[in-house]
Amino acid sequence: MLEHIARQLPGLLYQYELAPGGGGRFVYVSERGVDLVGLRWADVMADADVLWQAIEPDDLRRMANALKVSAAGMTEWRCDFSVREPGTDDPRWVLATATPERLASGATLWHGYAEDVTERRLLDKVRQDVAVAEAANRAKTEFLSRMSHELRTPLNAVLGFAQLMEIDQAEPPRETQARRLRLIRESGQHLLHMIGDMLDLTRIEAGGMALAPETLDLRELAAQTLEMVREAADKAQVSLRLHPGPEITLSADRTRLRQVLLNLLSNGIKYNRPGGRVDLRLGIGAGANGDQVLVAVSDTGVGIPQADLAHVFEPFHRGRQALGGVEGTGIGLAVTRALVALMRGSIDVSSVEGAGSVFNLRLPLARHDST
Ligand code: ADP
């Protein structure tokens, strides 16, 4: 009966006897044990050394000490140890427990169970690593979010006072002073923008950004957004065009959707050349989960090298612009992608170097929530 039952167990049952003089032997090892850690348990029964030799020396010492404690106090023996499986490099981990019994002869007999716990240990290790990585990531996000917040307050004061000095009627700045003040203001605004993006990115990562969807007219929002970048486009001698398509009403967070469009349009203008174009196309198309809103921002600009295409949405990736082309931070598209994901949409890019780029945005037409 015992043999029948033992065969159903994942591990093995055993009895180990330790003579008062110290010699030990396995009195019984269940049949299933043949599979465990690749040892032939008949050999182990014949000579316990077969097992001892397969165990890491440190573990063996630990086991022997625990066995002594168990024998002295008649307490449960519990030990995990690694066994070098013959013919393999990776050790297997075994967890063994046993209850001691004192025999009339003075010997101690342990009744025990041993199980291969290698996979369980690996899983525990992975879980631990994940928990550590998650904690580190949370700390980083918290730090960045705090820093961004703390940097903004004094920066706003710097910007505010620079602006006051620029427009001071009582003591108007001289021409050189005005130029320096403008530089302070522009650099400050650049920094403020970058800090804002950082704050957004960390907030989204930490799950701390909630969307406030409302029903909105996409054509109207697109036209408004286009006006916001018109000045920059004129300055860069880039023409802007809206292809409104059919009337589209969707439920989305107005501020955040505008932010996404602004990022894409600004990039289309920034990475363009005099006489170039930026086109904003709106439409509706079929997606896997019903109809989708399609927004395409295409430009006739410098394009993105093939090798950079896969990385443009990564934070701080600026491609060849990092070598000193157009000014930027490399966060805009990372924020854009994070916002789009929050809206349950998707974004991708295709580009031909030297000819231009197209950013395709897809958003669910149906109502989405911020969770
Ligand atoms: P930034 O513009 O501040 O560098 P982004 O995250 O918006 O940051 O863009 C990342 C990089 O992707 C840019 O530095 C640029 O190399 C490239 N890029 C983005 N949009 C375009 C575009 N429309 N045309 C060419 N390159 C682009």
Side-chain angles (χ1 to χ4, degrees), residues 144 148 151 155 186-205 209 222 225-226 228-243 255-282 294-343 345-362:
L144 282 176
S148 319
L151 285 170
L155 190 56
E186 283 176 0
S187 308
Q189 260 156 1
H190 178 66
L191 202 55
L192 196 63
H193 190 79
M194 180 172 140
I195 293 168
D197 275 353
M198 286 277 294
L199 195 59
D200 282 351
L201 196 61
T202 51
R203 257 207 226 134
I204 298 171
E205 262 187 25
M209 182 180 284
T225 314
L226 222 55
M228 292 170 76
V229 294
R230 176 125 0 239
E231 198 186 320
D234 288 347
K235 236 189 202 165
Q237 297 171 44
V238 169
S239 61
L240 292 175
R241 257 184 64 196
L242 175 63
H243 307 255
T255 312
R256 298 305 173 182
L257 183 53
R258 187 191 293 130
Q259 187 177 354
V260 166
L261 296 180
L262 266 179
N263 275 343
L264 298 177
L265 290 169
S266 314
N267 279 349
I269 296 167
K270 263 192 340 185
Y271 301 107
N272 219 311
R273 47 191 146 215
R277 266 186 32 210
V278 173
D279 290 277
L280 174 57
R281 289 187 172 78
L282 311 176
L294 308 176
V295 179
V297 178
S298 56
D299 64 66
T300 57
V302 294
I304 302 167
Q306 203 62 27
D308 283 336
L309 267 185
H311 304 289
V312 289
F313 294 104
E314 289 167 10
F316 307 112
H317 179 92
R318 299 211 62 229
R320 64 171 167 216
Q321 305 298 337
L323 303 173
V326 179
E327 212 174 80
T329 58
I331 316 180
L333 283 182
V335 172
T336 300
R337 183 174 63 174
L339 283 174
V340 170
L342 209 58
M343 296 171 182
S346 66
I347 184 164
D348 59 46
V349 58
S350 58
S351 184
V352 177
E353 204 180 347
S357 315
V358 187
F359 285 83
N360 285 302
L361 175 66
R362 290 176 194 81

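Since the model is a prediction, treat every value here as computed from it, not as a measurement. All ligand and atom numbering here is 1-based and tracks the order in the structure.
Side-chain contact between I331 and M198 is present, with at least one heavy-atom pair separated by less than 4.5 Å. Two residues are said to be in side-chain contact when any heavy atoms from C-beta on lie closer than 4.5 Å; I204 and L339 meet this criterion.
Residues in residues 297-309 take part in these side-chain hydrogen bond (donor to acceptor under 3.5 Å, both in side chains) pairs, two or more places apart or across chains: R281-S298, D308-H317. Under the side-chain hydrogen bond (donor to acceptor under 3.5 Å, both in side chains) criterion, the residue pairs touching residues 327-342 are N263-T336, with sequence neighbours excluded.
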Listed pairs under 3.5 Å, donor-acceptor, residues 186-197 side chains, sequence neighbours left out:
residue : atom : partner : partner atom : Å
S187    : OG   : L183    : O            : 2.8

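Under 3.5 Å, the side chains of Q237 and N272 contain no donor-acceptor pair of N or O atoms.
Near ligand 1, N267, G268, K270, Y271, D299, G303, I304, V312, H317, R318, Q321, G328, T329, G330, I331, G332, L333, S357, F359 each place a heavy atom less than 4.0 angstrom from the ligand.
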